[in-house]
Amino acid sequence: MAGDVNLTQGAKALSSDPLANTLPPGVRDTATAGLVIGKTGRVTDARSLDGPPALSRAALAAVRTMEFRPFLILGKPSEAKTAWEFNVQ
């Protein structure tokens, strides 16, 4: 898509990380989700990039409920792509 913005850092979640509510018991690992943050700050697309299946499913369910501060270009909200890592210890 023309005009895509890829964020490698700086995405700020406005809502808390809901991953703990979706994890199967005993999961300890890392999963990475690729996501698109829309102009309103809501996640409009999310995909698993890395991690074990159980944690990846939980990470995708969690990231779809998160809300972010919209990325601004020249003061206007813009769609942005980024990755969000979930590290469960």
Side-chain angles (χ1 to χ4, degrees):
M1 183 182 310
D4 284 353
V5 175
N6 291 302
L7 302 176
T8 55
Q9 58 183 328
K12 307 268 188 213
L14 297 178
S15 56
S16 62
D17 180 352
L19 183 62
N21 299 330
T22 60
L23 274 177
V27 172
R28 302 285 180 263
D29 213 327
T30 301
T32 304
L35 54 134
V36 176
I37 302 168
K39 293 179 182 181
T40 64
R42 295 195 180 271
V43 174
T44 59
D45 188 32
R47 298 171 193 268
S48 177
L49 299 178
D50 188 36
L55 182 53
S56 292
R57 283 190 298 274
L60 286 176
V63 81
R64 286 183 178 121
T65 69
M66 294 172 73
E67 187 172 347
F68 293 81
R69 181 172 297 136
F71 185 74
L72 303 177
I73 296 179
L74 299 175
K76 294 183 179 183
S78 300
E79 186 174 85
K81 293 180 181 179
T82 191
W84 197 263
E85 185 174 276
F86 295 87
N87 188 3
V88 180
Q89 298 296 318

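Computed from a prediction, not measured in an experiment: that's the story for all the values here. We count residues from 1, following the sequence as given. Basis for what follows: all heavy atoms, side chains included, without hydrogens, waters or symmetry-related copies.
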**Set of side-chain contact (heavy atoms from CB on, under 4.5 Å) partners for S56, sequence neighbours left out** = A31, S48

**Complete:** Heavy-atom nearest pair, E79 first then K39, reads N-CG, 4.0 Å

**Prompt:** Taking all atoms of both residues into account, what is the closest heavy-atom pair of M66 and V43, and its distance?
**Reply:** O-CG2, 3.8 Å

**Message:** Just so I know, are the side chains of P77 and L72 near enough to count as touching, which here means a heavy-atom distance under 4.5 Å?
**Reply:** yes

**Residue pair F86 / V63: nearest heavy atoms and the distance that separates them** = CZ-CB, 4.1 Å

**Prompt:** V88 and L55: which non-hydrogen atoms are nearest, and at how many Å?
**Reply:** CG2-CD1, 3.8 Å

**Fill in**
Sorted by chain and number, sequence neighbours left out, side-chain hydrogen bond (donor to acceptor under 3.5 Å, both in side chains) with D45 holds for R47

**Request:** In sequence, state the C-alpha distance, the side-chain angles, and the governing distance for T82 and F71, and then conclude on side-chain contact (heavy atoms from CB on, under 4.5 Å).
**Result:** CA-CA 11 Å; T82 191; F71 185 74; over 6 Å; no

**Fill in**
Output for pair (I37 CD1, F68 CZ), nearest 0.5 Å, gives 4.5 Å

**Item:** For L49, all residues meeting side-chain contact (heavy atoms from CB on, under 4.5 Å), sequence neighbours excluded
**Value:** T32, A83

